[in-house]
Amino acid sequence: MLKQELARCLQQAVLKAQQEGALASAALPEVLIEHPQNPEHGDFASGLPLKLARSMKMSPMAIAEKVSEHIVPPPQVDKIWVAPPGFINFILREDWLSTEVESILAAGESYGDIELGKGNRVQLEFVSVNPTGPLHVGHGRGAVLGSTLANVLTASGYAVEKEFYINDMGNQINNFGRSLHARYRQCLDKEAAMPPDGYYGNYMIDLAKEIVQEQGDRFLSLPEGEAASQLAEVGVDRMLQRIKQDLELLNVVFDTWFSERSLYQGGQYNKAMELLQGGGYIAKKENATWFESSSLGEDKDNVLVRSDGSPTYFASDIAYHYNKFLERKFDWVIDIWGADHQGHVPRMKTMLKALGCVPEQLKVIICQLVTLRRGQEIVKVSKRSGDIVTLKEVIDEVGSDACRFIFLSRSADSQMDFDIELAKRQSADNPVYYVQYAHARIASILRLAKQREIDCSQGDVSLLTTEPELTLIRRLILLPEIVEQVAVTLEPHHLPYYAQDLATVFHSFYKQCRVVSEDEALTKARIKLVKATQIALAKVLRLMGMTAPEKM
RNA sequence: GCGCCUGUAGCUCAGCUGGAUAGAGCGCAGCCCUGCGGAGGCUGAGGUCGCGGGUUCAAAUCCCGCCAGGCGUGCCA
């Protein structure tokens, strides 16, 4: 990328100046190239001389002069100059910019793809909610974040696998089974008490009714424990179907649905435990089995197997990550968790160390929680108490594209209030439509061009020389950088901001430059530019998991 | 108590590997349709970047201390 190339140029210029004695020898910090916010400062700039001033005992301006004298600029660069207090600025050649339009057209749908992750297998695990209830709005955030990251990492050359981890055993499932059993009996007019900490949502009653309708009263004859466990299985299957459907509404699709129970049936749990045992990290205390994480620097030890013999979820997670790293051998694993799991991260990292894995190969993205509200009123979402605003309801009201955009526009670090009233009200003037409108507008222009039988294949892009045209091209060529930034930082919230910016620049161009006009040559050149813009807009929208409409 | 995250315009949020006049959307006050989609363009008002110290040529950005909010700190997940 041009940015990196300029960094290399600067570095070489400094070295050369040092060899010639024009600059004192000093260690070179990492050369940072940035886009100045003020366009008068050029397309790229570096404050390197300011950083070198101290160690070289020279004024930043003098260093900047010396460095710029020694720069061998790449052919794309038109002008290099020095600006106080010690910046080196670069401006790109306009004829090079215009030829970039051709490159974008040639790349087509692959425009924006980079090779950053070539040859690496990444697993992305997200959502992974307990299949004991429908998804609520909060889950939507993780789903959108994960699926967008998957898109971007794929565009960055990684082989990405999206996985949903199904917690199909343990306390919550037992609880779910008992609750469902009670509802089932009640449905058949039998005496039954809900467990005190059971799942009280109305969806449980509907679920029980469905099961009665399809499978009759056959569970009544079973012993209570057996009935609850069989019903849990039937119920989980149905909940998973629902979860899957809701996610598809949001354009979120998984490659693998991985069962927690399979870890125990497939022997992976035993293998992982043996590995820990062999390393001497396991101890028996108070009838329970503990992972001695404190010997690895953790605050305290953690229980793996309770005194009643049942494994904790931490034990499952160990087996699961043993499977991810040592059996499936992913180069890199990304887990997306809610902020309520943040305390689990250090444990997981030390556990990986104990398994002999490289903890850095696991990236955990902590996504701050979503508090749901209706205007001033805060809506508690709890599957057990029952007041749930489901994700599906919100998608039905707000729309998948707008919903995704709202979730994507905030960094995972900041907790967000999802105001249902506001979301509905703003769904009409949600920025997503602004971006999509730009795309639809382009489609409309291209329809007109087609109708007039304009063939732009011989269009000469060197005719694109005015300010609005060049500004637009400057935005278009940022896309690969944005993709890289998102892939490196794992922060997809940069995408919607870029998309909006690109749309703004396009709308402004549109206002100032008539595309289909009497000037045949210029028309052909501008159609090329407009097509390139459409490619970039469609690409960002696709990366964000949204539609790029031809008409609205 | 300790740990993680957050505090930027009226509201919702970007910017945070230190850089040249702090940005966007919504809202507010105006202006622009006898040419390709006005779901648009343009202009303006609006800011002690939570508070106080420190480091630096340079701090919204880094360090320390406060204050406020969220989350965690289970033989729950």
Side-chain angles (χ1 to χ4, degrees), chain A residues 29-30 32 34 36-38 40-41 45-47 50-51 53-54 59-60 83-87 89 128-130 132 167 170-173 175 197 285-290 299-300 302-317 337-346 366-369 371 406 409-417 419 422-423 425-426 428-438 440-449 451-452 489 493-494 496-497 500-501 503-504 506-518 523 526-527 530 551-552:
Chain A
E30 192 194 349
L32 289 179
E34 56 186 13
Q37 50 186 22
N38 185 339
E40 284 173 20
H41 297 144
S46 175
L50 291 157
K51 293 197 167 64
R54 174 170 283 259
S59 83
F87 289 99
N89 299 333
S128 299
V129 292
N130 281 338
T132 53
N167 300 108
N171 285 339
Q172 292 312 321
I173 293 296
N175 187 359
D197 59 342
K285 273 186 292 183
E286 300 152 24
N287 249 339
T289 306
W290 295 72
D299 294 347
K300 54 187 173 192
N302 298 98
V303 173
L304 296 178
V305 184
R306 301 184 188 92
S307 41
D308 69 1
S310 63
T312 61
Y313 88 111
F314 182 45
S316 291
D317 258 357
W337 298 342
D340 51 344
H341 286 59
Q342 74 195 216
H344 193 42
V345 179
I366 295 298
C367 182
Q368 294 299 315
L369 301 178
T371 47
I406 290 171
S409 304
R410 286 147 185 79
S411 81
D413 286 338
S414 55
Q415 70 209 49
M416 67 181 279
D417 281 2
D419 185 335
L422 197 68
R425 218 178 324 128
Q426 286 189 347
D429 45 34
N430 189 297
V432 69
Y433 299 119
Y434 179 81
V435 177
Q436 291 180 324
Y437 181 67
R441 208 175 213 184
I442 290 172
S444 162
I445 296 171
L446 296 179
R447 279 193 295 271
L448 177 73
Q451 188 191 322
R452 300 211 183 154
T489 61
H493 70 270
H494 300 295
Y497 287 92
Q500 253 180 110
D501 189 34
T504 300
F506 170 73
H507 285 307
S508 175
F509 154 83
Y510 173 86
K511 196 73 185 177
Q512 296 172 76
C513 301
R514 169 91 197 173
V515 178
V516 180
S517 68
E518 301 306 309
T523 297
R526 283 183 173 166
I527 286 176
V530 159
K551 285 182 179 173
M552 295 173 66

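This is a predicted model, so every value here is computed, not measured. Throughout, a chain's letter reflects where its sequence line sits, starting with A, and its residues are numbered from 1.
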query = With centres under 5.5 Å and planes under 30° as the test, does A/F87 stack with B/rA20?
reply = yes
ask   = Base, sugar-phosphate alone, or nothing: which one does A/E286 contact when heavy atoms must sit under 4.0 Å apart?
value = base
ask   = Counting any heavy atom closer than 4.0 Å, what does A/S307 reach on the DNA or RNA strands: base, sugar-phosphate only, or nothing?
value = base
message = Which residues pass the salt bridge (Lys or Arg N to Asp or Glu O under 4.0 Å) test with A/D340, not counting sequence neighbours?
response = none
inquiry  = Looking at A/Y433 and B/rA39, is any side-chain donor or acceptor paired with a base atom of the opposite kind under 3.5 Å?
reply    = no
key: Under 3.5 Å donor-acceptor pair, A/H344 side-chain atoms to B/rA77 base atoms   = no
task = Identify whether any heavy atom of A/A53 sits under 4.0 Å from a base atom; if not, whether one sits that close to sugar-phosphate; answer base, sugar-phosphate or nothing.
result = nothing
inquiry  = At less than 4.0 Å, is any side-chain N or O atom of A/N171 found next to OP1 or OP2 of B/rA77? Yes or no.
reply    = yes
ask   = When rounded to the nearest Å, what value does the distance between C1' atoms of B/rA60 and B/rU73 take?
value = 31 Å
message = Determine whether the aromatic ring of A/H41 stacks with the base of B/rA20, defined as ring centroids separated by less than 5.5 Å and ring planes inclined by less than 30°.
response = yes
request  = Respond yes when some side-chain nitrogen or oxygen of A/Y510 is under 4.0 Å from OP1 or OP2 of B/rG35, and no when none is.
outcome  = no
key: Residues that A/K285 engages under side chain to side chain donor-acceptor pair (under 3.5 Å), provided they are two or more places apart   = A/D301
task = Sequence neighbours left out, what passes side chain to side chain donor-acceptor pair (under 3.5 Å) with A/Y434? Give chain and number order.
result = A/T504
request  = Summarise how protein sits on nucleotides 5-18 of chain B as a single string, 5' to 3': B when a protein heavy atom is under 4.0 Å from the base, S for sugar-phosphate-only contact, - for no contact.
outcome  = SS-----SSSS---
query = Reckon A/A438 touches a base, only the sugar-phosphate, or nothing at all at heavy-atom distances under 4.0 Å?
reply = nothing
ask   = Who passes side-chain contact (heavy atoms from CB on, under 4.5 Å) against A/D501, sequence neighbours left out?
value = A/R475, A/V505
ask   = OP1 or OP2 of B/rA77 sitting under 4.0 Å from any side-chain N/O of A/T312?
value = no
task = Send over the distance from A/Q500 CD to B/rC26 P, rounded to a whole Å.
result = 8 Å
query = Is the base of B/rA77 touched by the side chain of A/N175 through a donor-acceptor pair closer than 3.5 angstrom?
reply = no
key: Residues which pass ring pair (Phe, Tyr, Trp, His ring centres under 6.0 Å) with A/Y510, listed by chain and number, not counting sequence neighbours   = none
message = Considering every strand and a 4.0 Å limit on heavy-atom distances, what is the contact class for A/L50: base, sugar-phosphate, or nothing?
response = base
inquiry  = For A/H341 and A/W337, take the angle between the two ring planes, folded into 0 to 90°, and tell me which bin it lands in: parallel under 30, tilted 30 to 60, perpendicular over 60.
reply    = tilted
query = With a 4.0 Å cut-off on heavy atoms, is A/A440 in touch with a base, just the backbone sugar-phosphate, or nothing at all?
reply = base
message = Applying ring pair (Phe, Tyr, Trp, His ring centres under 6.0 Å), can you list everything that pairs with A/H41, at least two apart in sequence or on another chain?
response = none
Between protein and nucleic acid, restricted to nucleotides 30-33 of chain B and to nitrogen or oxygen atoms under 3.5 Å apart, what atom pairs and distances do you find?
none

For A/D413, salt bridge (Lys or Arg N to Asp or Glu O under 4.0 Å) partners two or more places apart = none
query = With sugar-phosphate meaning primed atoms plus P, OP1 and OP2, does A/Y434 contact a base, only sugar-phosphate, or nothing at under 4.0 Å between heavy atoms?
reply = sugar-phosphate
